[in-house]
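Below is one structure, written out as structure tokens; comments come after it.
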Number of protein chains: 2
Amino acid sequence: MRKDIHNSNIPVRCMSCEVRHKGMCGALSADELLALSAHTRLVNHESGDELAGEKMPAESYATVIRGVVKLTKTLEDGRQQIVGLQFAPDLLGRLNADENAVSVEAASDVNLCRIPKAALERMVKSNPALAERLMAQTLRELDEARDWMVTLGRKTAAEKVASFLLLIATHLDPEAVGEKRQFDLPLSRADIADFLGLTIETVSRQMSKLKADGVISIVANRHIEVPKVSKLKACCGS
Amino acid sequence: MRKDIHNSNIPVRCMSCEVRHKGMCGALSADELLALSAHTRLVNHESGDELAGEKMPAESYATVIRGVVKLTKTLEDGRQQIVGLQFAPDLLGRLNADENAVSVEAASDVNLCRIPKAALERMVKSNPALAERLMAQTLRELDEARDWMVTLGRKTAAEKVASFLLLIATHLDPEAVGEKRQFDLPLSRADIADFLGLTIETVSRQMSKLKADGVISIVANRHIEVPKVSKLKACCGS
DNA sequence: GCGACACTTTGATCTCGATCAAGAAAATGC
DNA sequence: GCATTTTCTTGATCGAGATCAAAGTGTCGC
């Protein structure tokens with residue numbers, strides 16, 4: 001993990017935070033936000049930084065302010081699977097758990113708002129609305145995990161890649177209207193492969209096929225354009 | 001779904017319920033249990049009964065008293081994936097959700113304790129300990145879903161089948177000591193295939209192979225003996 | 001601008017698990 | 001108990017995606 005010398009002591013102005021009304025902070029009053037800002041620290045990480053290790057003690061929680069974080073699990077022999085992606089304004093960390101169940105890594109450059117373990121847990125105990133919001137996020141993550149199990153277990157490689165592109169398009173620009181979408185992939189081909197249970201080569205071939213079929217255009221390596229979302233959706237098998 | 005004429009009005013004696021101290025009821029006082037018993041109903045379902053449909057309105061919650069319940073998702077063209085198994089004393093139903101995200105089906109004959117939607121939600125609002133326990137169950141389900149994503153995405157057919165047998169052995173007899181395990185599979189070969197993202201034939205072949213290798217014996221179709229759990233674990237790839 | 005390195009694409013071949021096809025064994029009904 | 005149906009096993013073949021190999025493209029430091 002990269003040392004974040006320049007980040008270690010940035011005060012946080014929760015009231016003017018860009019995710020102020022989203023995520024867990026939306027459940028907090030002005031007073032509570034003020035109290036919270038005494039504990040929180042803004043930190044930046046660059047793509048590839050490991051934020052927490054699988055089976056390591058859990059030290060703090062963090063809210064994603066900007067960027068994408070990947071949650072991975074690894075088998076002894078090195079086979080890896082991405083088991084979740086977190087976007088702003090998700091909270092990282094399992095409530096009341098002492099140990100990480102997954103490894104947490106910055107998939108892109110990210111801004112996080114760190115909250116010490118005890119501070120968040122205290123606040124959850126005294127604020128049922130906050131507890132309820134965290135429950136809602138956890139249920140949403142469970143739904144996403146189960147949706148992804150269908151993709152992993154029952155979809156073809158072509159459907160998997162299309163489903164992934166749709167997932168990214170949806171998350172990076174949730175308010176988009178009309179049929180057109182364009183975005184930068186926050187993940188490398190290797191990461192996409194780890195997410196989809198495929199190899200790099202298969203991901204690459206399926207992307208080329210989607211391009212050849214006119215479903216997407218690959219403007220730059222990472223920059224994708226989707227002329228008609230409905231056409232992409234039709235490739236997802238669901 | 002089978003009509004449960006004989007079940008429709010069985011009063012529940014929560015205080016002497018066999019899962020009294022387990023699951024969510026462990027968070028309730030004697031008074032609360034008494035109040036709860038005014039709302040709950042014991043119901044029995046036989047294997048194959050559909051308890052709730054995907055995308056149907058959620059009508060009530062239920063605690064699994066005995067048996068195994070499967071949660072499934074289905075693609076338009078009929079491909080199916082089991083996304084979760086629930087054992088006693090798990091609670092069925094997503095808190096505060098109006099619609100089922102999954103289809104719920106009895107995998108074996110089951111006894112459930114039904115609780116009306118409003119009654120449970122009211123109780124959760126007034127009892128933080130209960131809310132906390134439900135959060136813990138949800139986090140456990142999320143962990144299990146993520147573990148299973150690794151199995152679906154990165155394990156071989158042989159490892160998948162071994163992992164499934166270990167999962168069942170662990171859940172059906174959590175307090176077992178020593179190396180020996182024996183149990184009845186609550187799922188048909190078709191269900192196992194749907195859980196593992198495989199075909200019936202592949203499941204059958206891999207079971208035969210585990211038997212040939214002396215890792216398990218198939219006493220009857222559904223009854224499995226594992227002489228050494230550690231040997232089975234070694235086949236799981238993790 | 002150029003060299004070094006990492007990432008991505010494309011091609012050739014192989015393998016694991018799917019599919020197709022019987023048969024065997026269990027469960028179910030009468 | 002015997003016929004019928006369903007479930008499970010085993011065999012033969014096929015194909016999607018993995019693996020092995022190489023070339024192409026982009027990125028970064030200097």
Side-chain angles (χ1 to χ4, degrees), chain A residues 2 46-48 70 75 77-81 107-109 151-165 184-213 216-224 235 237, chain B residues 2 46-48 70 75 77-81 107-109 151-165 184-213 216-224 235 237:
Chain A
R2 194 172 61 98
E46 53 190 27
S47 177
K70 60 182 185 185
L75 299 176
D77 62 4
R79 281 174 289 174
Q80 199 173 50
Q81 176 69 45
S108 64
D109 292 353
T151 301
L152 287 172
R154 290 301 183 199
K155 289 190 185 175
T156 64
E159 290 168 338
K160 285 180 180 183
V161 171
S163 303
F164 170 76
L165 293 175
D184 282 307
L185 290 175
L187 269 61
S188 67
R189 301 292 190 270
D191 281 340
I192 299 173
D194 279 346
F195 194 39
L196 297 173
L198 298 171
T199 59
I200 298 175
E201 294 93 324
T202 299
V203 171
S204 182
R205 270 184 255 271
Q206 295 302 336
M207 299 264 288
S208 301
K209 183 148 189 311
L210 284 172
K211 184 179 161 188
D213 294 347
I216 62 171
S217 20
I218 305 177
V219 178
N221 243 327
R222 290 285 188 102
H223 191 78
I224 305 288
C235 300
Chain B
R2 195 172 60 100
E46 53 189 28
S47 178
K70 60 182 184 187
L75 299 176
D77 63 2
R79 282 175 288 174
Q80 199 174 49
Q81 175 69 46
S108 63
D109 292 353
T151 301
L152 286 171
R154 290 302 183 197
K155 288 191 186 175
T156 64
E159 290 167 338
K160 285 180 178 181
V161 171
S163 302
F164 170 77
L165 293 174
D184 283 307
L185 289 175
L187 270 61
S188 68
R189 300 293 190 269
D191 282 340
I192 299 173
D194 279 348
F195 194 40
L196 297 173
L198 297 171
T199 58
I200 298 176
E201 294 92 324
T202 300
V203 171
S204 182
R205 270 184 256 273
Q206 295 301 335
M207 299 265 288
S208 300
K209 182 149 189 311
L210 283 171
K211 183 179 161 188
D213 295 347
I216 62 171
S217 20
I218 305 177
V219 179
N221 244 329
R222 292 285 188 102
H223 191 78
I224 304 289
C235 299

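Each chain gets a letter, A, B and so on, in the order the sequences are listed, and its residues count up from 1.
The listed nucleotides are C:dG17, D:dC8, C:dT9; the one nearest the side chain of B:Ser188 is D:dC8. When distances run from any side-chain atom of B:Thr156 to the nucleotides C:dG17, D:dT9, C:dT9, the shortest one goes to C:dG17. For A:Thr202, taking side-chain heavy atoms from C-beta onward, the closest of the listed nucleotides D:dG17, C:dT8, C:dG17 is D:dG17. Relative to the side chain of A:Ser204, the nucleotides C:dG17, D:dA18, C:dT8 differ in distance, and C:dT8 lies closest.
Comparing the helix axis at one end of the helix from C:dG1-D:dC30 to C:dC30-D:dG1 with that at the other, each defined from 5 consecutive pairs, gives an inter-axis angle of 60° (nearest 10°).
Heavy-atom minimum distance, A:Gln81 versus A:Asp194: NE2-O, 3.0 Å. A:Thr199 and A:Ala193 get closest at one heavy-atom pair: C-CB, 3.6 Å. Residues B:Lys155 and B:Ser163 come closest through the heavy atom pair NZ-OG, 3.1 Å. Of all non-hydrogen atoms in B:Met207 and B:Leu185, the two that sit nearest each other are CE-CD1, 4.0 Å. In terms of heavy-atom proximity, A:Leu196 sits nearest to A:Lys160 at O-NZ, 3.1 Å. When every heavy atom of A:Arg154 is checked against every heavy atom of B:Gly197, the shortest pair comes out as NH1-C, 3.6 Å.
Look at CD1 on B:Ile224: it is 11 Å from P on D:dC8, rounded to the nearest Å. Between the P atom of C:dC16 and the NZ atom of B:Lys155 lies a distance of 18 Å, rounded to the nearest Å. Rounded to whole angstrom, the span from the CZ atom of B:Arg189 across to the C1' atom of D:dT6 amounts to 14 Å. Across the protein-nucleic acid pair, A:Asp191 atom CG and C:dC7 atom P stand 10 Å apart, rounded to whole Å. Regarding A:Glu159, its CD atom lies at a distance of 12 Å from the C1' atom of D:dA16, rounded to whole Å. To the nearest angstrom, P of C:dT28 lies 10 Å from CD of B:Glu46. Spacing between atom NZ of A:Lys211 and atom C1' of C:dT9 amounts to 10 Å, rounded to whole angstrom units. Atom CD in A:Gln206 sits roughly 15 Å away from atom C1' in C:dT8 (whole-Å rounding).
Remark: side-chain polar atoms of B:Ser47 are not paired, donor with acceptor, to backbone N or O of B:Asp109 under 3.5 angstrom.
A:Ser208 comes within 4.0 angstrom of the backbone, heavy atoms only, and of no base.
Residue B:Arg205 places a side-chain atom within donor-acceptor reach of the base of C:dT19, judged by atom type and a 3.5 Å distance cut-off alone.
Nearest-nucleotide mapping onto DNA chain D: of B:Glu201 and A:Glu201, the residue sitting toward the 5' end is B:Glu201. Between A:Arg154 and A:Ile218, the residue anchored nearer the 5' end of DNA chain C, judged by the nucleotide with its closest heavy atom, is A:Ile218. Mapping B:Ala157 and A:Ile200 onto DNA chain C by nearest heavy atom places A:Ile200 at the nucleotide closer to the 5' end.
The side chain to side chain contact (heavy atoms under 4.5 Å, CB included) with A:Ile192 is formed by just one residue from the set A:Leu198, A:Leu187, A:Val161; it is A:Leu187.
Considering only side-chain N and O atoms, B:Thr199 lies nowhere under 4.0 angstrom from the phosphate OP1 or OP2 of C:dG17.
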